[in-house]
Every structure is written in C-alpha cells, then in structure tokens.
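Here is the structure we will look at, set down as structure tokens.
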Amino acid sequence: MAAIWGNGGQGGQFPLEQWFYEMPPVTRWWTVATVATSVLVQCHIVTPFQLFYSFRAVYFKSQYWRLLTTFLYFGPLSLDLLFHVFFLQRYSRLLEESSGRSPAQFSWLLFYAMIFLLIISPFLSLPFLGTALSSSLVYIWSRRNPDTRLSFLGILVFTAPYLPWVLMAFSLVVHGIVPKDEICGIVVGHIWYFFNDVYPSLHGGHRPLDPPQWWRRIFDPRPRAGDTHRTNTANVNRDFAAAAAPEVR
C-alpha cells in the first residue's frame, strides 16, 4: 500500500495529488489552466478561434480574455501537448522555486515576458504564445545552470545552455518549419537574463527589471505579528552577540 499512497504511505494523498500540491502556486495554476483549456477545446465547449491573440479582436472588439488564453492553449489532447506541459511544468517550477518563497519575483518575470510577447506578436503573426513563454523560461533556467548535464531522448548528452537550441532543432525536424515562437522566447528570455544576472554585476547591483514595490505588496504576504516579534528578537540577540564578541584584528 505504501506505493499507492503519497508521502511514503502516510494516507491522505495519491502520488498525482502530491505532485500537484508540491508545485509552487504560480506554476500549479498555470499547468492546471493549460490542461483545462485543451480539455475544453477537445470537448468542443470552446474553439481555438476564441483563444488566439488578435490585436483587432482585443482592442476593437473588447475580447480581453485573449490576452491570457493565448498563453494557455498548446493544442488538442495529444502526445505533443504532454511534451509541452512537461517542459512548462518542469522549468517553470524550477525557476519559481529558485525565486524564493515569495511569488512576486516569478510572477513579475511572467508578466514581463507576456507583455513583451504580446507587443511583438502582431509583427511576426504568432497567434498562440504559450510555447514562446515556455521557451523563455527554459532559456533563463539553462543560462543560470551552465554546469548541469542533460540527456535528450537518452541519446544526446549536453550541458544546460544548449537545451533551448536542442529543442529548437527538434521542432524544426518534427514540424519542418522554423520555430518563430521559440526564437522569440529565447530573445525575451535573454533580455531578462542579461538585466537580472549580468547587468547588476556591471552597474553596482542595480537591477532594472526587479518588480516594483506595489507589485511586491500584492504578491508578498504581510508578516504576521508573531513572525515580526521573532524577527526582532533574533536581531536583538545578534546585536548582543556582536557586542559581546571579542574584536578580531
């Protein structure tokens, strides 16, 4: 029975349920929305024509939901959808977990990437932007983990920075067309990576793409009174310890 239950057989969660709740919040609900959108299309409740991004439909016909649904639809239920959901969930989760306990930093990254992609979409005729957004996350993770070794289909072994290019080559071979959406994702991801990981070290730690304070107030929970008291107590204890410690020359 231990193999059936999550948490090593401590009754309460099945493995799939445990996997779901172990995901950080932004990744969890993005994954759920992606799968739910494909299910709705598969059941003929909505059609892809109601989901893609169109400048005219959004700003002249007030169909504002397209600003979000363009990032949620990866195609009908298929092996290709499973492939996309796997990469979306995996690298979105890794980036969100590395951003700390607060969802403000990661949600700001998604917001930046979505706005950037919506701006360039009309110029490149990209109606669906989910793959581009996912590619930007894969690129950022790969640049931040240059020494990680990966294996593609158990055949090709390479380090993480080559992952976006391997996936692009795979898409080119499978679909026979240049993956413009993945190229756009790499460009958007590189801009974020440069201004968050390279630029600060060259300009005294200044981070121009950090989330503003009003965004942090929305996504960062306010500390509880008990947490504030414990933090203040810890600070006082550290001050006493520093004062009592011998001076080192």
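Not measured: the values here are computed from a predicted model.
Considering every non-hydrogen atom in both Pro146 and Pro161, the closest pair reads O-CD, 3.5 Å. When all heavy atoms of Leu172 and Val178 are compared, the closest pair comes out as CD1-N, 3.9 Å. Of all heavy-atom pairs spanning Ser125 and Lys180, the tightest one is O-NZ, 4.4 Å. Among all heavy-atom pairs drawn from Val157 and Arg149, the shortest one is CG1-NH2, 3.2 Å. The two residues Ala160 and Leu150 have their closest heavy-atom pair at CA-CD1, 3.9 Å.
The shortest side-chain heavy-atom distance between Thr31 and Val85 falls under the 4.5 Å cut-off. Counting heavy atoms from C-beta outward, Leu95 and Leu109 have side chains that approach closer than 4.5 Å. Annotation: side chain of Asn145 is not in contact with side chain of Thr159 (no heavy-atom distance under 4.5 Å). No side-chain heavy atom of Gln105 sits less than 4.5 Å from a side-chain heavy atom of Glu96.
Classified by interplanar angle (parallel below 30°, tilted 30° to 60°, perpendicular above 60°), the ring pair Tyr53/Tyr59 is perpendicular. The aromatic rings of Phe116 and Tyr112 sit perpendicular, their planes meeting at an angle over 60°, well past the 30° parallel limit.
Among residues at least two apart or in separate chains, side-chain hydrogen bond (donor to acceptor under 3.5 Å, both in side chains) pairs with a member in residues 128-140 are Tyr139-Arg143, Tyr139-His190. Here salt bridge (charged side-chain N to carboxylate O under 4.0 Å, His left out) pairs that include residues 182-204, with residues two or more places apart or in two chains, are Arg144-Asp197.
Atoms SG and CG, on Cys184 and Leu117 in that order, are 7.0 Å from each other to the nearest 0.5 Å.
By the criterion of side-chain heavy atoms lying less than 4.5 angstrom apart, applied directly or through intervening Ile, Leu, Val, Met, Phe, Trp or Tyr residues, Ile140 is grouped together with Val198 in one hydrophobic cluster. If you chain together hydrophobic residues whose side chains sit under 4.5 Å apart, Ile183 and Phe128 never meet in one group. Hydrophobic clustering of Ile, Leu, Val, Met, Phe, Trp and Tyr side chains at less than 4.5 Å, counting indirect connections, unites Ile218 with Phe106.
Residues satisfying the ring-ring contact (aromatic ring centres under 6.0 Å, His included) test with Phe111, not counting sequence neighbours, are Trp108, Trp215. In this structure Trp29 satisfies the side-chain hydrogen bond (donor to acceptor under 3.5 Å, both in side chains) test with no other residue, sequence neighbours excluded.
When atom types are taken as modelled, the side chain of Arg28 and the backbone of Met23 share a donor-acceptor pair closer than 3.5 angstrom. When atom types are taken as modelled, the side chain of Ser121 and the backbone of Leu126 share a donor-acceptor pair closer than 3.5 angstrom. With Ser38 contributing its side chain and Val35 its backbone, the two residues share no donor-acceptor pair below 3.5 Å.
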For residues 64-77, dump all side-chain donor-acceptor pairs below 3.5 Å to protein atoms at least two apart in sequence or in another chain.
unit_1	atom_1	unit_2	atom_2	d
Trp65	NE1	Gln50	O	2.7
Arg66	NE	Gln63	OE1	2.6
Arg66	NH1	Phe49	O	3.0
Arg66	NH1	Phe52	O	2.9
Arg66	NH2	Phe49	O	3.1
Arg66	NH2	Gln63	OE1	2.8
Thr69	OG1	Leu51	O	2.7
Thr69	OG1	Trp65	O	3.3
Thr70	OG1	Pro127	O	2.8
Thr70	OG1	Leu129	N	3.2

Under 3.5 Å, side-chain donor or acceptor atoms of residues 86-94 against the rest of the protein: list the pairs with distances, not counting sequence neighbours.
unit_1	atom_1	unit_2	atom_2	d
Ser92	OG	Thr27	OG1	2.7
Arg93	NE	Glu97	OE2	2.9

